[in-house]
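The sequence lines fix the lettering, A, B, ..., with proteins before strands; numbering per chain opens at 1.
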There are 2 protein chains.
Amino acid sequence: MNPKKRVTIYDIARKLNLTASSVSRALSNNKNVNENTRQLILKTAAEMKYKPNTLASNLRKGKSQTIGVVVPRINQNFFSNVIAGIEAVTYQRGYNLVICQSNELHDKEVQCINTLINQHVDCIVISVSAEGSDYTHLQNVIDHHIQLIQFDRVADNLETLKVINANEQASMEAVLHMVGQGYKRIALLEGPQNLHVFRERKAGYLNALKTSGLPVIDELIVANAKTKELGTEAVRKLLSLPNPPDAIFASRDDFSALGVLEVATAIGIKVPDELGICGYSNEDFTSITSPSITTIDQYSMEMGKTIANSYFDQMDNKMGNSSNVNKTISIKPKLIIRTSTQK
Amino acid sequence: MNPKKRVTIYDIARKLNLTASSVSRALSNNKNVNENTRQLILKTAAEMKYKPNTLASNLRKGKSQTIGVVVPRINQNFFSNVIAGIEAVTYQRGYNLVICQSNELHDKEVQCINTLINQHVDCIVISVSAEGSDYTHLQNVIDHHIQLIQFDRVADNLETLKVINANEQASMEAVLHMVGQGYKRIALLEGPQNLHVFRERKAGYLNALKTSGLPVIDELIVANAKTKELGTEAVRKLLSLPNPPDAIFASRDDFSALGVLEVATAIGIKVPDELGICGYSNEDFTSITSPSITTIDQYSMEMGKTIANSYFDQMDNKMGNSSNVNKTISIKPKLIIRTSTQK
DNA sequence: CTGAAAGCGCTTACAG
DNA sequence: CTGAAAGCGCTTACAG
């Protein structure tokens, strides 16, 4: 094998006294090739260890059979599961995945998006970073006629396909469950309120209180802490209130729920008897703590599959009609009741 | 903006009465452009919302500034951390990551590799699947002059860059620690022995016994179970032996260690007093079980960074010399001693 | 069914 | 410093 150059379609053509046209046709399963010729070409290509140059093919065809994915963090359970779900579907269709992580930084997110546009990806799937509310880079994607799909954390005002969790509904269900268990002063640990997801979870909480005829107590609603230390501090303060909560809905995630559990245990507050705890996202560890933690499963893998499928559905029946569908697919998360909320 | 076509270098040239050559030079920071011309071009490009076509550029340059990554599972802590580490470094250099998962299937792994070769990636990073020992697809990568880097699970006989954990050393340390705690009948739960990683961990176990003058007891070495159920069954059998082990090194991973803990607790065997348990990989949950589980941290994020850096090091000082370095970088994992092994 | 030719959008020797 | 031209490897109307 020549150390520098790869075998091309021309090399095969030359060897067989044919033209590149025919070789290309045979290789791409075009019907207009004599069956014998095709077999010969296929055989020769294999012998010569021919590998098509996707770059050239994509350039010519004007599409890349590639989907770009931008997430805040690749190594975060929820996101890596979504990615795995996307991959499972796209792989079947012969699509590739280019993955970027924004690290929750707006600037990096913008750069990722630009790279993906330059790469001529056919579709960009994104869960926006916590930072910033300027979405011109996403508008840019749309302007370049690249299908944009948002998931989980979405920018509301952009008209794109959106795949989200029914956060409000699930949160409401969780809080109602706690009310049903007899908890009356239920506190909320909010996630960052610039994100839709967390605003919805808060809405669900408020709604559940309202439905149950319970008052909304301001001092029981605690803003999300930036660091683990600050979070611990906030929980400690909350539990030391003259009139402390008898339950906490850690709406951000299970890690904050775990933080609550640790603080409670340290102070000597009994869970679930004196304090109920509910987390969010069904991390593996929630089933093995003692007590095990009630939480909400987001069906992350499913979500990934839904995202990919919705892209292909779009493709398949896009008969020249409007390319940017503004449709929201909502996945209903599942409340998983464990010991931490069962009085 | 024209609904179909993007702005190209020619569009800019036409607008400014220049040629594509100059525009290309200005955009790529080539020195041979008049400073004023460059500024004008840059300004115009921005105004016209020009986005370079990476596909065309890469085709012309014969490289893609892309690194392909193949792992058994994207959504597995260790791998997603390694990927995050790789990304952190490659991003700085303006490289993209194409991610595939083999699902531990040899055939899918082969397909992933072929796709990456076709994509003209500059480098392929792989941790091989558990299945199969035929590595012709990897040889293929080398034959196509694509830099191949193996990590964690590596095919020994291929001459490539390898980044691995010092599994044997770490395992030995773990078992010696258990011996030091007074455990005398230490069992081993093996990982699949067709993989180097797990053979090494076993070697470390055997070595530790030898060093400590403890006998190797065949019935205490249990093969890796395919499913969770079979694993539970195997552990139950192990613990019901007439002469049961007083410690178990779950060398496969923390999940199998957790399985042991669950079975032991269910049977009523006290950990760590009656049974010591050590896992592998320092999953988040190991610090919060009760008792917390002794384990081994693999520095997965670090590993990813090391992989990416070793690629660039290679690139940077490859002055036409041998392209396939057969070098192994070993990362020393860290034994994390927790309650489950402290008598 | 097969071939000749143009073109996807860029880059880069080669002249001047 | 700028331009004209060729070419990266493929695909696809257009003829025949």
Open item on the list: Is the phosphate of D:dC10 approached by A:Ser57 (side-chain N or O, under 4.0 Å from OP1 or OP2)?
Closed with: no

Open item on the list: Looking at every non-hydrogen atom in both residues, tell me the closest pair between B:Ile124 and B:Ile113 and how far apart they are.
Closed with: CG2-CD1, 3.9 Å

Open item on the list: So, does B:Ser21 get its side chain near the phosphate of D:dA5, meaning an N or O under 4.0 Å from OP1 or OP2?
Closed with: no

- [ ] To the nearest Å, give me how far apart CG (B:Asn58) and C1' (C:dC8) are.
- [x] 14 Å

- [ ] Whenever both distances are under 3.5 Å in a Watson-Crick or G-U wobble pair, mark it; put DNA chain C into dot-bracket that way, with [ ] for crossing pairs and | when the partner is on another strand.
- [x] |||.||||||||.|||

Open item on the list: From the set D:dC10, D:dA4, C:dG3, return the single nucleotide nearest to any side-chain atom of A:Arg25.
Closed with: C:dG3

Open item on the list: It should be established whether B:Ser22 places a side-chain nitrogen or oxygen under 4.0 Å from OP1 or OP2 of nucleotide D:dG3.
Closed with: yes

Open item on the list: Need one value for B:Thr54: base, sugar-phosphate or nothing, where a base atom within 4.0 Å counts as base even if backbone is also close, heavy atoms only.
Closed with: nothing

Task: Length of the CD-P vector between B:Gln119 and D:dC10, whole Å - done: 14 Å

- [ ] Could you pull out the closest heavy-atom pair between A:Pro72 and A:Ser127, with the gap in Å?
- [x] CD-O, 3.4 Å

Task: Separation of C:dA4 P from A:Tyr10 OH (nearest whole Å) - done: 10 Å

Task: Euclidean distance, atom CG of residue A:Asn29 to atom C1' of C:dC1 [Å, nearest integer] - done: 16 Å

Open item on the list: Test your reading of the model: is there a side-chain donor-acceptor pair from B:Lys305 to the backbone of B:Val89, 3.5 Å cut-off?
Closed with: no

Open item on the list: Can you tell me how the ring of A:Phe78 sits relative to the ring of A:Phe151, calling it parallel under 30°, perpendicular over 60° and tilted otherwise?
Closed with: tilted

Open item on the list: Rounded to whole Å, how long is the line connecting atom NZ of A:Lys61 with atom P of D:dC8?
Closed with: 20 Å

TODO: Please confirm whether the backbone N or O of A:Ile74 pairs with a side-chain atom of A:Gln101, one donor and one acceptor, at under 3.5 Å?
DONE: yes

Task: Separation of atom CG in A:Leu55 from atom P in C:dG9, rounded to whole Å - done: 14 Å

Task: N/O (side chain, B:Tyr50) to phosphate O (OP1/OP2, C:dC10) under 4.0 Å - done: yes

Open item on the list: Checking the side chain of B:Asp122 only, and the main-chain atoms of B:Gln65 only, is there a donor and an acceptor separated by less than 3.5 Å?
Closed with: yes

TODO: Return the value, rounded to whole Å, for the distance between atom NZ of A:Lys63 and atom P of D:dC10.
DONE: 16 Å

Task: Toward the 5' end of DNA chain D, by each residue's nearest nucleotide, B:Asn32 or A:Leu59 - done: B:Asn32

TODO: Send over the distance from A:His144 NE2 to C:dG9 C1', rounded to a whole Å.
DONE: 14 Å

- [ ] State which residue, out of A:Val128, A:Asn194, A:Ile126, A:Val71, fulfils the side chain to side chain contact (heavy atoms under 4.5 Å, CB included) condition with A:Arg153.
- [x] A:Val128

Open item on the list: Nearest to the A:Val33 side chain among C:dC10, C:dA5, C:dT2, which nucleotide is it?
Closed with: C:dT2

